[in-house]
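Because the structure is a prediction, the values reported are computed rather than measured.
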Amino acid sequence: MLKIYLLHTLLILLATAGICNNAHAGRLAIEPEPDTTKESVLITRFHFKQFYGGVVVIQAQLNDIPDTLQFILDTGSAGISLDTATCVRLGIPLTPSDRIVRGLGGAKQVSFAMHRSLRLPGLVVDSLDFHVNDYELISQVYGLQVDGIIGYSLISRYIVNVNYDTEDISIYTKGNHTYPKGGLLMKPSLTLIPLINAPVKNGKRQVNTRYYFDTGAGMCLLLSNQFVKDSGLLARKRTKIIETEAQGLGGKMSMQLTTMQEVRIGNYSFRNVPTYMFDDVSNITAYPFLGGMIGNDLLRRFNITLNYAKKEIYLLPNTHFRDMFDYSYTGLIIYLINGKVEITDIIKGSPAEKAGFKKGDIVIAINNYVGSNLQLYRELLKNVGTRVNLLIMRNNELILKKLPIKSIL
């Protein structure tokens, strides 16, 4: 769950790269609308895997291609997409277009893989147009091959339930759907991406605005600096701000990490929520209409039902509801590159810099764990107040270093 260094934020706008300037990106084929007056019917249920910040990874196949591919389920995507390298590897022909995808550091023109079918366990979804983007960086961040992102183009066709307790996804036909008792029925603004209201409080200042509801963002809360400045959310004198960085479609960029005293979703309140802030040069947060994004490290604390046909989202608190937030900070940025865990950057003034780590060091082991399991390594770097032993390789020499894990609080 890469905290301060960036992974949470990094995935954010890479996964949110489905926010296009064309409402037909990843368009749906024209087909008769089902009778939504009937009861919804379960079509299929299948397992998913969780990664940093609760990000959901689904296995699926394309058309008759036997390769099993891995997709991130992302309500922050206005369409559906494939990785460039995956298309090349599978020999999928691409169609150029004039459509634009905006991301963390900029915007780019994309091509499409047209008229494709996605085969999920127990379900084939036809007539999908995938926009194509480069997800190599996401793959390095998560330590697995990310072949694409599933967004509005698929979610809007069904009722989709994500159960973080059992790590199962259930897909239903559109229709009258009975939600379990004890949760919150939300009526988000919804065209391609859900927008929800969420009061945020810091010190004496409370601001109520709308945010993207973004399950593809492996963080809690992301705010644009312009929104933070205009809202006065950092007026509290004791607000601690830590410099960090993130990477997106336009490359590296500076970010700040802090905490907000309280974030509310409906009747549910969360305290001391880790929050990223950045200069939104591409205005992907749509300020001043929105404040930013609420991501899946907050949303995973609910089992979520997405019912786009009725413009409803149902949140049911689950066993993760009271999980501690990750406040750890080392300033050590690690990716999985060519099968090796590499330190790709060190935040200036951070514990990692003071401990003598350098960009390009290869992590061989943390404490007694040897290998290249990136997710395990990040879990070991979350224990605030401890010091971990890192065995690194530098210039073909093994070096043992201690790294203190600090807190952003």
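- With hydrogens and angles ignored, the 3.5 Å screen pairs a side-chain donor or acceptor of N283 with a backbone N or O of Y287.
- N296 and Y164 share a side-chain donor-acceptor pair at under 3.5 Å.
- A salt bridge between E243 and K348 is absent, with no side-chain N of the basic residue lying under 4.0 Å from a carboxylate O of the acidic one.
- In this structure a side-chain-to-backbone donor-acceptor pair under 3.5 Å is present from D129 to H115.
- When all heavy atoms of L403 and A355 are compared, the closest pair comes out as CD1-CB, 4.4 Å.
- Considering every non-hydrogen atom in both I294 and A198, the closest pair reads CD1-CB, 3.6 Å.
- L306 places none of its side-chain heavy atoms less than 4.5 Å from the side chain of Y158.
- The structure places CG of L299 at 12.0 Å from CG of N303, a figure rounded to the nearest 0.5 Å.
- When side chains are defined from C-beta on, Y308 counts as touching I155, because their heavy atoms get closer than 4.5 Å.
- Here the side chain of T305 pairs no donor or acceptor atom with the backbone of I313 at under 3.5 angstrom.
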Verdict with reasoning, D230 to Q226, per side-chain hydrogen bond (donor to acceptor under 3.5 Å, both in side chains) | CA-CA 6 Å; D230 292 347; Q226 190 63 49; 3.1 Å; yes
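- In this structure, the side chain of Q109 engages the main chain of S97 through a donor-acceptor pair within 3.5 Å.
- Here the side chains of M219 and L222 are in contact, with some heavy-atom distance below 4.5 Å.
- Considering only heavy atoms from C-beta on, N63 comes within 4.5 Å of R116 through its side chain.
- Without hydrogens or angle criteria, K402 side chain to N389 main chain gives no donor-acceptor distance under 3.5 Å.
- Using a 3.5 Å distance cut-off with no hydrogens or angles, the side chains of S81 and Y135 do pair a donor with an acceptor.
- A pairwise comparison of heavy atoms in Y212 and A286 identifies OH-CB, 3.9 Å as the closest pair.
- Inspection of the Y179 and N307 side chains reveals an N or O donor paired with an N or O acceptor under 3.5 Å.
- Here the straight-line distance linking atom CZ of F51 with atom CZ of R378 works out to 11.0 Å at 0.5 Å rounding.
- For P194 against L190, the heavy-atom pair with the smallest separation is N-CD1, 3.6 Å.
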For side-chain contact (heavy atoms from CB on, under 4.5 Å), just list the numbers for S372 and L336, CA-CA rounded to whole Å, side-chain angles, deciding distance to a tenth of an Å, and then say yes or no.
-> CA-CA 7 Å; S372 55; L336 184 66; 4.0 Å; yes
Between N373 and Y369, does a side-chain contact (heavy atoms from CB on, under 4.5 Å) hold up when you go through it step by step?
-> CA-CA 9 Å; N373 188 329; Y369 296 91; over 6 Å; no
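- Here Q145 contributes atom CD and I138 contributes atom CD1; the two are 10.5 Å apart, rounded to the nearest 0.5 Å.
- Residues Y268 and F321 place their aromatic rings such that the two centres sit under 6.0 Å apart.
- Atom-to-atom distance recorded for S111:OG and D98:CG is 11.0 Å, nearest 0.5 angstrom.
- The number of heavy atoms from other shown groups lying within 6.0 Å of CG (D165) is above 12.
- A donor-acceptor pair under 3.5 Å is absent between the side-chain atoms of S407 and the main chain of S328, judged by distance alone.
- Scanning all heavy atoms of the two residues, the minimum distance from Y327 to P274 falls at CE2-CG, 3.9 Å.
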Check step by step if side-chain hydrogen bond (donor to acceptor under 3.5 Å, both in side chains) holds for R210 and S189.
-> CA-CA 9 Å; R210 297 190 300 174; S189 299; 3.0 Å; yes
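- The distance from the OG atom of S231 to the CZ atom of R205 is 6.5 Å, given to the nearest 0.5 Å.
- Although no hydrogens or angles enter the test, the distance criterion places a donor-acceptor pair under 3.5 Å between the side chain of K174 and the main chain of S156.
- Atom CD1 in I347 sits 14.5 Å away from atom CZ in F357 (nearest 0.5 Å).
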Given I334 and L381, is the side-chain contact (heavy atoms from CB on, under 4.5 Å) satisfied, shown in steps?
-> CA-CA 11 Å; I334 53 177; L381 293 173; 4.1 Å; yes
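- A donor-acceptor pair is defined here as one N or O able to donate and one able to accept, closer than 3.5 Å; no such pair exists between the side chain of Q59 and the backbone of L69.
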Give the intermediate values and the outcome of side-chain hydrogen bond (donor to acceptor under 3.5 Å, both in side chains) for residues E167 and Q50.
-> CA-CA 8 Å; E167 296 191 338; Q50 285 190 68; 3.1 Å; yes
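- Side-chain contact, T86 with D147: a donor N or O sits under 3.5 Å from an acceptor N or O.
- The two residues G143 and L374 come nearest to each other via the heavy atoms N-CD2, 3.8 Å.
- For the pair Y172/R45, a side-chain contact is recorded, criterion being any heavy-atom separation below 4.5 Å from C-beta on.
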Is there a side-chain contact (heavy atoms from CB on, under 4.5 Å) between I241 and L257 once you walk through the steps?
-> CA-CA 6 Å; I241 301 174; L257 183 60; over 6 Å; no
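- Looking at D67 and R89, a side-chain N of the basic residue comes within less than 4.0 Å of a carboxylate O on the acidic one, giving a salt bridge.
- A salt bridge between E397 and R394 is absent, with no side-chain N of the basic residue lying under 4.0 Å from a carboxylate O of the acidic one.
- Between M260 and L223, some side-chain heavy-atom pair lies under the 4.5 Å cut-off.
- No option in T330, I364, L332 other than L332 meets the side chain to side chain contact (heavy atoms under 4.5 Å, CB included) test with L390.
- Using cut-offs of 30° and 60° for the angle between ring planes, the H131 and F112 rings count as perpendicular.
- Side-chain contact annotation: D134 with T84, donor-acceptor N/O pair under 3.5 Å absent.
- At distances below 3.5 Å, not a single donor-acceptor pair connects side-chain atoms of Y335 with backbone N or O atoms of S139.
- Judged purely by atom type and a 3.5 angstrom limit, T95 has no side-chain atom pairing as donor or acceptor with the backbone of A113.
- Around atom NZ of K187, more than 12 heavy atoms belonging to other residues, nucleotides or ligands sit under 6.0 Å away.
- N202 pairs with exactly one of T275, T258, L234, T259 by the side chain to side chain contact (heavy atoms under 4.5 Å, CB included) rule, that one being L234.
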Residues S117, D126; criterion side-chain hydrogen bond (donor to acceptor under 3.5 Å, both in side chains); working and verdict | CA-CA 4 Å; S117 296; D126 294 316; 2.7 Å; yes
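- I242 has its side chain out of reach of Q256: every pair of non-hydrogen atoms, C-beta onward, lies at least 4.5 Å apart.
- In this structure, I304 and F213 have side chains that are in contact, with non-hydrogen atoms separated by less than 4.5 Å.
- Side-chain contact of N225 with D279: a donor-acceptor pair under 3.5 Å is present, judged by distance alone.
- A salt bridge links R300 with D323: at least one charged nitrogen is closer than 4.0 Å to a carboxylate oxygen.
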